[in-house]
Student: 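The structure's right below; bear with me while I get my questions together.
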Amino acid sequence: MPINDASLLPASVELLTRQVHPSQITEGRPSARSFTPTEKDAGHLSADRESLLSPREAYERYLQRKQLKEAGGTWGVSIQEFANLGLASYADPISDNSAHTLVDFTSAGDAKKQQTVGKLAYAKAKARGRLHPPPDLAA
């Protein structure tokens, strides 16, 4: 996990996209938990760089990997928006995903504080709306 200066992504309008499991969608919106690392994530939220993997491509990969017919969609928060919340983003390419990134929530503090910051990130994604599939194509 390259959390170091060499892999730090500069603040920009580039979106970091998240896939939301259908169980975390209520009334067409994702749960705020979708934008907060879990305990097993050790304070690092996984995402994909939109410049390397489109929201549609990321969505289709997710469906295939999870063996789902549909999911809650692709949602995004910009690197700048994460930076405004005090969170750094890092390139973290992995063997099957060169677009993989990590958003470092450890600077926010303990798990409760990370949840608070995650809710703020969620608000950004919710305001932007689902990136894929487009609302008119949703089931």
Side-chain angles (χ1 to χ4, degrees):
M1 180 178 324
I3 299 292
N4 60 46
D5 289 344
S7 61
L8 179 65
L9 296 173
S12 71
V13 297
E14 180 180 0
L15 295 179
L16 299 183
T17 61
R18 294 271 302 155
Q19 301 307 311
V20 178
H21 193 275
S23 68
Q24 294 208 348
I25 294 288
T26 304
E27 296 179 6
R29 293 183 309 272
S31 160
R33 302 276 306 148
S34 299
F35 296 88
T36 305
T38 64
E39 187 175 321
K40 72 176 181 73
D41 296 325
H44 299 103
L45 185 72
S46 291
D48 290 314
R49 293 181 68 182
E50 183 185 32
S51 66
L52 301 176
L53 192 66
S54 75
R56 179 182 180 168
E57 291 167 327
Y59 179 80
E60 290 171 356
R61 280 178 57 120
Y62 181 77
L63 292 180
Q64 185 177 29
R65 196 170 65 247
K66 297 290 185 178
Q67 298 181 351
L68 297 169
K69 295 215 183 287
E70 65 180 9
T74 304
W75 299 78
V77 177
S78 75
I79 297 170
Q80 181 65 58
E81 289 167 334
F82 278 122
N84 290 347
L85 297 173
L87 306 175
S89 302
Y90 297 88
D92 183 45
I94 54 179
S95 63
D96 65 342
N97 185 0
S98 62
H100 188 258
T101 62
L102 293 173
V103 180
D104 185 5
F105 273 68
T106 61
S107 62
D110 64 20
K112 186 171 182 172
K113 290 178 182 171
Q114 290 178 24
Q115 287 178 2
T116 299
V117 174
K119 287 178 184 177
L120 296 172
Y122 157 76
K124 299 292 185 187
K126 182 179 140 191
R128 181 170 283 109
R130 188 176 60 208
L131 303 171
H132 191 82
D136 59 329
L137 298 180

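For this chain, numbers begin at 1 and follow the sequence in order.
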Student: Restricting to non-hydrogen atoms, name the atom on Pro133 and the atom on Gly73 that form the minimum distance, rounded to 0.1 Å.
Tutor: CD-CA, 4.0 Å

Student: Membership question, hydrophobic clusters at under 4.5 Å side-chain separation (ILVMFWY): are Leu102 and Leu9 in the same one?
Tutor: no

Student: With sequence neighbours excluded, tell me which residues meet salt bridge (Lys or Arg N to Asp or Glu O under 4.0 Å) with Glu14.
Tutor: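 For Glu14, the residues satisfying salt bridge (Lys or Arg N to Asp or Glu O under 4.0 Å) (neighbours in sequence not counted) are Arg49.
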
Student: Hey, could you give me each pair passing ring pair (Phe, Tyr, Trp, His ring centres under 6.0 Å) that has a residue in residues 53-75? Not counting sequence neighbours.
Tutor: Tyr59-His132

Student: Could you state the interatomic distance from CZ (Phe35) to CG (Leu85), rounded to the nearest 0.5 Å?
Tutor: 12.0 Å

Student: Provide the closest heavy-atom pair for Ala108 versus Leu87 in the form atom of the first, atom of the second, distance.
Tutor: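 Ala108 and Leu87 have their closest heavy atoms at CB-CD2, 4.4 Å.
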
Student: Let me check something: any side-chain donor-acceptor pairs from residues 112-119 under 3.5 Å, sequence neighbours excluded? List them with distances.
Tutor:
from	atom 1	to	atom 2	distance (Å)
Gln114	NE2	Gly109	O	2.9
Thr116	OG1	Lys112	O	3.3

Student: Is it the case that over 12 heavy atoms from other parts of the model lie below 6.0 angstrom from the CG atom of Asp110?
Tutor: yes

Student: Listed by chain and number, what are the side chain to side chain donor-acceptor pair (under 3.5 Å) partners of Thr106, not counting sequence neighbours?
Tutor: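 Expected list: Asp104.
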
Student: Can you see which heavy atom on Pro55 is nearest to which on Leu131, and at what distance?
Tutor: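 The answer is CB-CB, 3.8 Å.
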
Student: Give a yes or no answer on whether the side chain of Ser107 reaches the backbone of Gly86 with a donor-acceptor pair at less than 3.5 Å.
Tutor: yes

Student: So which atom in Ala99 and which in Leu53 form the shortest heavy-atom distance, rounded to 0.1 Å?
Tutor: CB-CB, 3.7 Å

Student: Just jot down the side-chain contact (heavy atoms from CB on, under 4.5 Å) partners of Ala123, sequence neighbours excluded, or say none.
Tutor: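 Not a single residue meets the side-chain contact (heavy atoms from CB on, under 4.5 Å) criterion with Ala123.
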
Student: Holding to side-chain contact (heavy atoms from CB on, under 4.5 Å), I want the full list of residues that pass it with Ala111, two or more places apart in sequence or in another chain.
Tutor: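 Per chain and number, Ala111 pairs via side-chain contact (heavy atoms from CB on, under 4.5 Å) with no residue.
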
Student: Quick one: CD1 on Ile25 to CD on Glu70, what's the gap to the nearest 0.5 Å?
Tutor: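 Here the interatomic distance stands at 10.5 Å.
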
Student: Could you list the donor-acceptor pairs under 3.5 angstrom formed by side chains in residues 17-24, with sequence neighbours left out?
Tutor:
from	atom 1	to	atom 2	distance (Å)
Thr17	OG1	Asp48	O	3.4
Arg18	NE	Ser34	O	2.9
Arg18	NH1	Ser46	O	2.5
Arg18	NH2	Ser34	O	2.8
Gln19	OE1	Thr74	OG1	3.0
Gln19	NE2	Thr74	OG1	3.0
His21	ND1	Ser23	N	3.1
His21	ND1	Ser23	OG	3.0
Gln24	OE1	Ser34	OG	2.6

Student: Tell me, please, which residues at least two apart from Thr38 pass side-chain contact (heavy atoms from CB on, under 4.5 Å).
Tutor: Lys40, Asp41

Student: Got a donor-acceptor contact below 3.5 angstrom from the Ser7 side chain to the Tyr90 backbone?
Tutor: no

Student: Could I get the full list of salt bridge (Lys or Arg N to Asp or Glu O under 4.0 Å) partners for Arg61, not counting sequence neighbours?
Tutor: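 Once residues adjacent in sequence are excluded, Arg61 has no partner under the salt bridge (Lys or Arg N to Asp or Glu O under 4.0 Å) criterion.
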
Student: So, taking the atom named OG in Ser78 and the one named NZ in Lys124, what distance separates them when rounded to the nearest 0.5 Å?
Tutor: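 Separation between the atoms: 8.0 Å.
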
Student: Could you list all the ring pair (Phe, Tyr, Trp, His ring centres under 6.0 Å) pairs where at least one residue sits in residues 108-131, not counting sequence neighbours?
Tutor: none

Student: Search all heavy atoms of Ser89 against all heavy atoms of Leu16 and return the closest pair with its distance.
Tutor: OG-CD1, 3.5 Å

Student: What heavy-atom pair brings Gln80 and Ala11 nearest, and what distance separates the two atoms?
Tutor: OE1-CB, 3.1 Å

Student: Under the criterion side chain to side chain contact (heavy atoms under 4.5 Å, CB included), which of Leu15, Ile79, Val13 is the partner of Glu50?
Tutor: Leu15

Student: State which residues pass salt bridge (Lys or Arg N to Asp or Glu O under 4.0 Å) with Glu60; sequence neighbours excluded, sorted by chain then number.
Tutor: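 Result, salt bridge (Lys or Arg N to Asp or Glu O under 4.0 Å) vs Glu60: Arg56.
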
